[in-house]
Amino acid sequence: MDRSLSAGRGYYYSAAPVGTGVGMGPLAGQLGEWLLRAVQPPPPTPCGSPGGPPVTAPRVRMRDGRHLAYEESGVPKETARFKVVFSHGFTGSRLDSLRASPEVAEELGVYMVGFDRAGYGESDPNPGRSVESAAQDMEDLADALGLGDKFHVVGFSLGCHAVWGALRYIPERIAGAAMLAPVVNYWWPGFPAELAAREYGRQERGDQWALRVAHHAPGMIHWWMEQSWLPLPTSTVVDNTTHLPNKRDAEIRRTLTADGTLRKKREMATQQGIQESYYRDMAVMFGKWEFDPMALPEPPCPVHLWQGDEDGLVPVALQRHVAGRLGWVNYHELPGTGHFLSAVPELGDTVLRTLFG
């Protein structure tokens, strides 16, 4: 297929040479072809393909033929009272969860399933990945596993774009939703321009530029992120060097760096190509959305949002604005808490009891 760029859906691949275009001179055509090839990311290495990583996890087939890898926890779905689909964050995997205690899950009768989002871990890449497709993946996973007409959705950090998508595109399937430290898009129309600009400007310069590219030229995000000659780091988030004002967050990162956990998580997340996981995440999350979450109508289900007031990755001022605009969001602000909410003692149990208690 021909290679094309789409502001909302990132970059695409081409197995055929890129044409020089009608009406262009030979030199201009060659230059254009060189530029297009320069920004084109390498093809992915899907799990189970020749030369690709092996498939080790259970997987289900999506409506478009792709496969999603998943991991189940909690009580068996056949006896569960409540069923939850969990969408992991940036750099995460199907193994991430709420870290709720088995006792509470058993008491409430909760079945949970996490999955590798498209292009992560052992789930097939999706060259057309979008906020809508993220919601459809959760729906397809629930249907493939026989979770019933309605199910709950929980998202963490950047993975919450799938929850917003579910509330927009499949609200009739959602029995309840929870978001933990959801990443925001600074270009959502519902943000006051001055507030968004102030919080955007508090990021490192390299992070600001990375998000600009992701928003205005998503087809170039892989090229941009791979340029070692740039005078500033292209993303402190990708490099795990973002300043974390919360002491617990900073200590967690030091520990996970020292024992190799962060390296292993990165290897697992990006084994099919970093362009399919991290960079496509950036293009989807910070690209041009088809809707503004702050303009959503009230859904037919309860929605909860947890946010730490010392989050070094998601500005609490913007999260407060989102919650203030959406009166139907049950907002839970956690004092003295950072971004890594899954590490907050007993918070997983609190989330389950809030949803199902």
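Throughout, numbering of the chain's residues begins at 1 and tracks the sequence.
A donor-acceptor contact shorter than 3.5 Å links the side chain of R117 to the backbone of H88. No side-chain donor-acceptor contact under 3.5 Å links Q319 to the backbone of A181. Counting only distance, with no hydrogens or angles, the side chain of W289 and the backbone of V284 share a donor-acceptor pair below 3.5 Å. Judged by distance alone, the side chain of K150 and the main-chain N or O of E172 form a donor-acceptor pair under 3.5 Å. Between the side chain of S93 and the backbone N or O of A269 there is no donor-acceptor pair closer than 3.5 Å. Judged purely by atom type and a 3.5 angstrom limit, R94 has no side-chain atom pairing as donor or acceptor with the backbone of E72. Although no hydrogens or angles enter the test, the distance criterion places a donor-acceptor pair under 3.5 Å between the side chain of D292 and the main chain of G190. Between the side chain of D311 and the main chain of T337, no donor-acceptor pair closer than 3.5 Å is present. Side-chain N or O atoms of D349 include none that pairs as donor or acceptor with a backbone N or O of A100 at under 3.5 Å. Distance alone, capped at 3.5 Å, is enough to place a donor-acceptor pair between the R266 side chain and the V238 backbone.
Considering T242, L211, V237 in turn, L211 is the only one that fulfils the side chain to side chain contact (heavy atoms under 4.5 Å, CB included) rule with Q203. Shown are R173, R63, M62; of these, the side chain to side chain contact (heavy atoms under 4.5 Å, CB included) with D143 is made only by R173.
Between the CG atom of D96 and the NZ atom of K265 there is a distance of 4.0 Å, given to the nearest 0.5 Å. One distance of note links CG of L334 with CG of L347; it measures 6.0 Å at 0.5 Å rounding. Annotation: the span from E122 atom CD to H67 atom NE2 amounts to 12.5 Å, rounded to 0.5 Å. Interatomic distance, L296 CG to W328 CH2, rounded to the nearest 0.5 Å: 5.0 Å.
In this structure, the side chains of W224 and W209 come closer than 4.5 Å at one or more pairs of heavy atoms. In this structure the side chain of S87 reaches within 4.5 angstrom of the side chain of M138, judged on heavy atoms.
Residues D116 and L68 approach most closely at O-CD2, 3.6 Å, considering heavy atoms. The heavy-atom pair separating A214 from M282 by the smallest distance is CB-O, 3.6 Å. Closest heavy-atom contact between G312 and P245: CA-CD, 3.5 Å. Scanning both residues, V110 and L352, for their nearest heavy atoms gives CG1-CD2, 4.2 Å. In terms of heavy-atom proximity, R129 sits nearest to Y120 at NH2-CE1, 4.4 Å. Counting all heavy atoms, side chain and backbone alike, E276 lies closest to Q272 at CG-O, 4.1 Å.
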Assess the residue pair D124 and R59 against the criterion (salt bridge (Lys or Arg N to Asp or Glu O under 4.0 Å)); give the C-alpha distance rounded to whole Å, side-chain angles, the decisive distance to 0.1 Å, and a yes or no.
CA-CA 10 Å; D124 291 340; R59 305 202 304 177; 3.3 Å; yes
Legend entry - Test log, rule salt bridge (Lys or Arg N to Asp or Glu O under 4.0 Å), inputs R353 and E107: CA-CA 10 Å; R353 290 194 184 281; E107 172 194 338; 2.9 Å; yes
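Within 6.0 Å of atom CD in E204, 12 or fewer heavy atoms from other residues, nucleotides or ligands are found, so the atom counts as exposed in its surroundings. More than 12 heavy atoms of other residues, nucleotides or ligands shown are found within 6.0 angstrom of CG on D259. Around CH2 of W187, the count of heavy atoms belonging to other residues, nucleotides or ligands within 6.0 Å exceeds 12.
Taking the six-membered ring wherever Trp is involved, the centroid distance between the rings of H152 and F356 falls below 6.0 Å. Ring pair F156/H339: centre-to-centre distance below 6.0 Å.
For the 3.5 Å distance criterion, the side chains of Y200 and Q208 fail to qualify, holding no donor opposite an acceptor. Judged by distance alone, the side chains of T234 and Q227 never bring a donor and an acceptor atom under 3.5 Å apart.
Linking ILVMFWY side-chain heavy atoms closer than 4.5 Å, directly or via other members, places V322 and V314 in a single hydrophobic cluster. Under the 4.5 Å side-chain contact rule for hydrophobic residues, L355 and F151 do not share a cluster. Cluster membership check: V163 shares its hydrophobic cluster with L158, using side-chain heavy-atom separations under 4.5 Å among Ile, Leu, Val, Met, Phe, Trp and Tyr. The cluster map of Ile, Leu, Val, Met, Phe, Trp and Tyr, joined by side-chain heavy atoms under 4.5 Å apart, puts V344 and I252 in different clusters. Linking ILVMFWY side-chain heavy atoms closer than 4.5 Å, directly or via other members, places L141 and F82 in two distinct hydrophobic clusters.
A salt bridge links E267 and R263; the closest N-O separation between the charged side-chain nitrogens and carboxylate oxygens is under 4.0 Å. The pair R248-E251 fails the salt-bridge criterion, with no side-chain N (NZ, NE, NH1 or NH2) lying under 4.0 Å from an Asp/Glu carboxylate O.
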